[in-house]
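Since the structure is predicted, the reported quantities are computational estimates derived from the model, not experimental observations. This chain uses plain numbering: 1 for the first residue, then up along the sequence.
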Amino acid sequence: MIYKDFQGMKLSALGFGAMRLPVIDGDDGRIDEAAALRMVDTAMQNGINYYDTAWGYHGENSELVMGKALSRYPRDSFYVATKFPGYDPSNWGKVEEIFERQLEKLGVEYFDFYLFHNVCEMNIDAYLDDEKYGIYSYLMKQKQNGRIRHLGFSCHGSMPVLQRFLDAYGKDMEFCQLQLNYLDWTFQNGKDKVALLDQQHIPVWVMEPLRGGRLAKLAPEYEAQLTALRPDEEIPAWAFRFLQSIPSVTMILSGMSNDEQLEKKLVTFAEDNKLNEDEMKVLLG
């Protein structure tokens, strides 16, 4: 497993994403708990120490299952991240209630990483209206009290939204989670967003590295081009190699839906094999 330095910590470069856990009969709200716990065991045994969940994942059941899975391990053997669900306006005035419940669901006394979830056009005004909702003040207080070790945010919004959030709170943000992959590098201004974060010395956490699985399989002609360059590399690995090639990317989160996916990602993250200039041109071309 590759590890990245973050404020004196060694974080596994691959984070276990708990948004797409195995489910029963295709029902997103019914997590296959036995399978999920088995996958966490495999991840722990192979060096993954970062586990990312959120209030709304799997019909609000992801935190519960991840809490059960991680409770079987010493607290200092993993880092857990979750988020305040500001994507839902009904939650804006409930930051304390939700935060306390999240601690209960995950069975922890503090969060290693906590995020403002999904900063975007629909909620930027609420996130910035601290007088009315107090989200920022409450989370900063929890950080001062040691119940949040590292505070950051995820962003699906446009460049102007990202800029507004950074103008208001950037000095207190320790990391930013972006939807980032070689398609969104230009399609969703990923390159410009990373540059903006670099200016403020905020490291990048990556979500959707495979764009919901769309980059796991390409058109035959594109797959042939990539295979010619790296015959031993599977197509999904190119998405991870691309991200490994961006200096400010510290954490790459990927959803874990089954054992096969997990095993293949573990193979990819056994080594840091950045793309060279020619490979990058072909991938982005």
Side-chain angles (χ1 to χ4, degrees), residues 1-6 9-20 43 46-52 79 81 113 115 152-156 159 162 174-218 222-223 225-227 229-230 232-257 261-285:
M1 175 57 61
I2 307 162
Y3 291 91
K4 295 282 190 171
D5 293 322
F6 176 76
M9 307 158 65
K10 294 287 188 183
L11 303 180
S12 56
L14 174 62
F16 188 107
M19 186 174 73
R20 298 188 180 97
N46 285 274
I48 293 179
N49 62 14
Y50 190 100
Y51 296 84
D52 173 87
Y79 303 106
F113 295 84
L115 296 81
F153 68 107
S154 66
C155 182
H156 284 282
M159 281 289 288
L162 176 59
E174 298 175 78
F175 62 103
C176 174
Q177 194 162 300
L178 292 177
Q179 177 171 315
L180 198 62
N181 49 68
Y182 59 81
L183 182 60
D184 288 321
W185 190 238
T186 52
F187 187 68
Q188 289 200 12
N189 294 317
K191 183 177 181 180
D192 294 335
K193 290 175 181 177
V194 169
L196 179 59
L197 293 165
D198 285 347
Q199 291 173 12
Q200 300 205 24
H201 308 290
I202 297 175
V204 176
W205 265 227
V206 172
M207 54 185 164
E208 299 292 355
L210 292 171
R211 216 169 194 268
R214 294 189 184 99
L215 302 183
K217 187 172 178 59
L218 306 176
Y222 296 130
E223 290 198 1
Q225 281 184 286
L226 298 181
T227 300
L229 291 169
R230 293 193 178 193
D232 297 327
E233 198 89 271
E234 293 197 19
I235 295 303
W238 279 85
F240 298 117
R241 300 302 184 206
F242 168 76
L243 295 168
Q244 289 175 356
S245 307
I246 300 172
S248 50
V249 168
T250 297
M251 172 59 56
I252 301 173
L253 300 168
S254 192
M256 306 296 182
S257 299
Q261 285 182 5
L262 175 56
E263 295 287 354
K264 288 183 177 181
K265 291 168 187 177
L266 287 169
V267 170
T268 299
F269 280 83
E271 59 179 347
D272 190 356
N273 196 355
K274 296 178 176 63
L275 302 181
N276 62 38
E277 186 175 344
D278 291 336
E279 291 169 336
M280 189 70 83
K281 286 181 181 176
V282 169
L283 193 65
L284 296 176

Asks: Are the side chain of Ser12 and the backbone of Asn49 linked by a donor-acceptor contact shorter than 3.5 Å?
Replies: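 Between the backbone of Asn49 and the side chain of Ser12 there is a qualifying donor-acceptor contact (under 3.5 Å).
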Asks: Looking at residues at least two apart in the chain, or sitting in another chain, which of them share a salt bridge (charged side-chain N to carboxylate O under 4.0 Å, His left out) with Asp198?
Replies: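 Scan of Asp198 (salt bridge (charged side-chain N to carboxylate O under 4.0 Å, His left out), adjacent residues dropped) gives none.
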Asks: Give the C-alpha distance, both sets of side-chain angles, the deciding distance and a yes or no for side-chain contact (heavy atoms from CB on, under 4.5 Å) between Phe269 and Gln244.
Replies: CA-CA 9 Å; Phe269 280 83; Gln244 289 175 356; 3.9 Å; yes
Asks: Pair Leu226, Leu218 - check side-chain contact (heavy atoms from CB on, under 4.5 Å), show working.
Replies: CA-CA 10 Å; Leu226 298 181; Leu218 306 176; 3.8 Å; yes
Asks: Got a sec, which residues hit ring pair (Phe, Tyr, Trp, His ring centres under 6.0 Å) with Tyr79, two or more places apart in sequence or on another chain?
Replies: none
Asks: So that I know where these two stand, are Trp205 and Phe6 an aromatic pair - ring centroids less than 6.0 Å apart?
Replies: yes
Asks: Test side-chain contact (heavy atoms from CB on, under 4.5 Å) on Leu262 and Asn46 and set out the steps.
Replies: CA-CA 10 Å; Leu262 175 56; Asn46 285 274; over 6 Å; no
Asks: Under 3.5 Å, is there a donor-acceptor pair between the side chain of Arg241 and the main chain of Thr268?
Replies: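 Between the backbone of Thr268 and the side chain of Arg241 there is a qualifying donor-acceptor contact (under 3.5 Å).
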Asks: Below 4.5 Å, heavy atoms only, C-beta onward: do Glu223 and Lys217 meet side chain to side chain?
Replies: yes
Asks: Are the side chain of Lys265 and the backbone of Phe16 linked by a donor-acceptor contact shorter than 3.5 Å?
Replies: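 Answer holds: no.
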Asks: Is a side-chain donor or acceptor of Ser245 paired with a backbone partner of Leu275 at a separation under 3.5 angstrom?
Replies: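 The answer is yes, because a donor-acceptor pair under 3.5 Å joins these two groups.
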Asks: Mind checking whether Trp185 and Phe242 have ring centres under 6.0 Å apart?
Replies: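 Aromatic pair counts; centres sit under 6.0 Å.
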Asks: Determine yes or no for a side-chain-to-main-chain donor-acceptor pair under 3.5 angstrom, with Asn181 supplying the side chain and Asp184 the backbone.
Replies: yes
Asks: Going by the rule salt bridge (charged side-chain N to carboxylate O under 4.0 Å, His left out), which residues pair with Arg214 if we only count those two or more places apart in sequence or in a different chain?
Replies: none
